[in-house]
Protein chains: 2
Amino acid sequence: MDFQFLSDTILFREIPSDGIQSLLACFGTERKTFPKNSMIFHAGSPIHFIGIVLSGSIHIEHNDLWGNTSILDRIGPGNVFAEIYACMPGEPLMVDVVADEPSEIFFLNTSRLFQVCTPSCPHHQQLIRNLLSITVQKNLNLSRRIFHTSSKTIRGRLLSYLSFQALQHGSSTFSIPFDRQQLADYLSVDRSALSHELSKMQKDGLLTYRKNKFILKDKVHRFH
Amino acid sequence: MDFQFLSDTILFREIPSDGIQSLLACFGTERKTFPKNSMIFHAGSPIHFIGIVLSGSIHIEHNDLWGNTSILDRIGPGNVFAEIYACMPGEPLMVDVVADEPSEIFFLNTSRLFQVCTPSCPHHQQLIRNLLSITVQKNLNLSRRIFHTSSKTIRGRLLSYLSFQALQHGSSTFSIPFDRQQLADYLSVDRSALSHELSKMQKDGLLTYRKNKFILKDKVHRFH
DNA sequence: TCCTTTTTGTTGTTATAACAACATACAAAC
DNA sequence: GTTTGTATGTTGTTATAACAACAAAAAGGA
């Protein structure tokens, strides 16, 4: 089987092909496809696999006791999920992992992650280093989500989120990876209230939009 | 100088004293005390140091453009902060780090963190491993904060937070590490509205409280 | 193409939180 | 003890979002 595609993932960055081969042999793997909206992991399950998105796209969501859904993150090809839980054996998953579209997922069994296979195996160590980079990056993503939801008004949340998107795209014209419902879940607000606020903001001349494509007007730039 | 105290920190777990000595020599350190409410790090600064709380207690907060403060985390003795930014050179700090009380902080220069000092120096590698554990743990903390603020009502947020605290303490009687204002900032709600909701919940027989000590009644247990 | 389904936007009503201003309680300093 | 300051609780008003129900638009399939 050809594992060339893994060379392009962040998890295996800087690890040569033969190193990847030996790591995979050491850990054990699985490859699986999921239809749109199917559950990849359920909240509550113990997790022994890191997931890597090969194609498609997934998201991490939390459903509380009242049925509110909130979206924590969105993960595209080449990226990794559930690594937190794989690093904390016994910690039950607090979130659901759901496919946004038909997606192919590669699973890496991590039971042996913290056992060094041979003393100071350099590939294993690079893998740990890569995992550190990934969790640090996720940390930033979670922090950002917190910042975007710290405003008490919908408008404030939208301005925080959209102006960050503009910054990241390096342009005031950009597309976002969410539809309205998902954006509402990400910002922890009601969808129809979100639509309503967006159209008010458009009336106020702050931005124009069409579906998930936005253009921020100069007025917004005062906000950072 | 005696660095024995570092043996008890998560960051240096499983590293023998002589290993710690050589790591410190490799990295460079600093030790400093901060008065109550003083800023340890300012948002916007580039960070080259991991901070370790030796005594006292600090918190991480975010202040948005409208002056809303939200608290992301609270860090006590033996624990580490700013490690995310130390791992991402160039990423400017998005938060303020503030001392809750007079605190002594140990700083570790991390410019050389990702350079292996000597090929496969085992202490260095254990340090990276420990850092991974720490960031993974922080990830869970951030996720939890998101869950506690995902409810749209103050009561829902309080129930989520308080029942988690009870679970963690293994008892329905427990103290929380926040005063009212900090709890309000952690849950992203108005302080007076929080006080109001708490006294309503007390009237409704869900809990009793006095200052930061809470007793949850059986009714609450339906919530998980 | 038409029909069906999904997504997005609109409106009105109601619940809830924010905000402001003040009262009370508690703690610290003198 | 008294004074000062800080933390917490209370009340009333206002702004805002949630919610529900529906309309319109877009997308996907037959």
Side-chain angles (χ1 to χ4, degrees), chain A residues 35-37 59 64-71 98-102 148-162 175-204 206-214, chain B residues 35-37 59 64 66-71 98 100-102 148-162 175-204 206-214:
Chain A
K36 183 172 176 170
N37 293 329
H59 71 263
D64 70 15
L65 299 149
W66 296 269
N68 303 307
T69 297
S70 58
I71 292 186
V98 184
D100 275 329
E101 44 186 310
H148 297 325
T149 53
S150 77
S151 170
K152 296 192 180 94
T153 64
I154 295 182
R155 179 170 295 205
R157 294 182 187 199
L158 276 167
L159 287 171
S160 172
Y161 174 72
L162 293 174
S175 295
I176 63 170
F178 292 131
D179 64 27
R180 287 288 177 283
Q181 183 62 60
Q182 291 176 321
L183 181 58
D185 290 342
Y186 181 78
L187 297 179
S188 282
V189 297
D190 179 76
R191 182 201 56 79
S192 77
L194 176 73
S195 280
H196 187 226
E197 191 62 42
L198 272 174
S199 67
K200 272 208 300 183
M201 289 166 79
Q202 187 159 234
K203 276 200 197 80
D204 293 349
L206 293 173
L207 48 77
T208 56
Y209 63 93
R210 189 185 150 73
K211 293 210 58 183
N212 64 340
K213 184 168 179 178
F214 290 80
Chain B
K36 182 172 177 171
N37 293 328
H59 71 262
D64 71 13
W66 295 270
N68 303 308
T69 297
S70 57
I71 292 185
V98 184
D100 275 329
E101 43 185 313
H148 296 326
T149 53
S150 76
S151 169
K152 292 185 183 101
T153 64
I154 295 181
R155 179 170 296 204
R157 293 183 187 198
L158 276 168
L159 286 171
S160 172
Y161 174 72
L162 293 174
S175 296
I176 63 170
F178 292 131
D179 64 27
R180 288 286 179 284
Q181 183 62 60
Q182 292 176 320
L183 180 58
D185 290 343
Y186 181 78
L187 297 179
S188 281
V189 298
D190 178 76
R191 181 200 57 79
S192 78
L194 176 74
S195 279
H196 187 226
E197 190 62 42
L198 272 174
S199 66
K200 272 209 300 182
M201 289 167 78
Q202 187 157 237
K203 276 199 198 80
D204 292 350
L206 293 173
L207 48 78
T208 56
Y209 62 93
R210 189 186 151 75
K211 293 208 59 181
N212 65 340
K213 183 168 180 177
F214 290 80

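Every chain is numbered from 1 and lettered A, B, ... according to where its sequence line falls, protein lines coming before strand lines. Computed from heavy atoms alone, side chains included, the values below leave out hydrogens, waters and symmetry copies. Because the structure is predicted, anything quoted here is derived from the model rather than measured.
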**Q** Check the distance between dT8(D)'s P and Asp185(B)'s CG and give it to me in whole angstrom.
**A**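 Taking atom P of dT8(D) as the reference, CG of Asp185(B) is at 12 Å.
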**Q** Taking protein heavy atoms under 4.0 Å as touching, what does nucleotides 15-23 of chain C look like 5' to 3' if B marks base contact, S marks sugar-phosphate-only contact and - marks none?
**A** --SSBB---
**Q** Assess the residue pair His59(B) and Asp185(B) against the criterion (side-chain contact (heavy atoms from CB on, under 4.5 Å)); give the C-alpha distance rounded to whole Å, side-chain angles, the decisive distance to 0.1 Å, and a yes or no.
**A** CA-CA 11 Å; His59(B) 71 262; Asp185(B) 290 343; over 6 Å; no
**Q** Between Glu101(A) (CD) and dG28(D) (C1'), how many Å, whole number?
**A**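 Rounded to the whole Å, the gap is 16 Å.
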**Q** Is a donor on one side and an acceptor on the other found under 3.5 Å between the side chain of Arg157(B) and the backbone of Leu187(B)?
**A**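 Flag set: sc Arg157(B) to bb Leu187(B) pair under 3.5 Å.
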**Q** In whole Å, I'd like the distance from the CG atom of Asn212(A) to the C1' atom of dT6(C).
**A**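 Asn212(A) atom CG is separated from dT6(C) atom C1' by 15 Å.
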**Q** Between the side chains of Asp204(B) and Arg155(B), is the shortest nitrogen-to-carboxylate-oxygen separation below 4.0 Å, so that they form an ion pair?
**A**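 Between Asp204(B) and Arg155(B) there is a salt bridge, with a charged N closer than 4.0 Å to a carboxylate O.
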**Q** Could you give the CD-to-C1' distance, from Gln181(A) to dT8(C), as a whole number of Å?
**A**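 Going from Gln181(A) (CD) to dT8(C) (C1'), I get 11 Å.
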**Q** Does the plane of the ring in Phe214(A) sit parallel, tilted or perpendicular to the ring in Tyr209(A)? Use 30° and 60° as the thresholds.
**A**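 Parallel: the ring planes of Phe214(A) and Tyr209(A) meet at under 30°.
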**Q** Look at all strands and tell whether Ser195(A) reaches a base, only sugar-phosphate, or nothing, counting heavy atoms closer than 4.0 Å.
**A**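 Counting heavy atoms under 4.0 Å across all strands, the contact made by Ser195(A) includes a base.
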**Q** Please give, in whole Å, the distance from dA26(D) P to Lys213(A) NZ?
**A**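 One finds 16 Å between P of dA26(D) and NZ of Lys213(A), rounded.
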**Q** Might you list the N or O atoms of the protein lying below 3.5 Å from N or O atoms in nucleotides 24-30 of chain C, with each pair's distance?
**A**
none

**Q** Are Glu101(B) and Asn37(B) close enough that a side-chain donor and a side-chain acceptor fall under 3.5 Å?
**A**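 Judged by distance alone, the side chains do not pair up.
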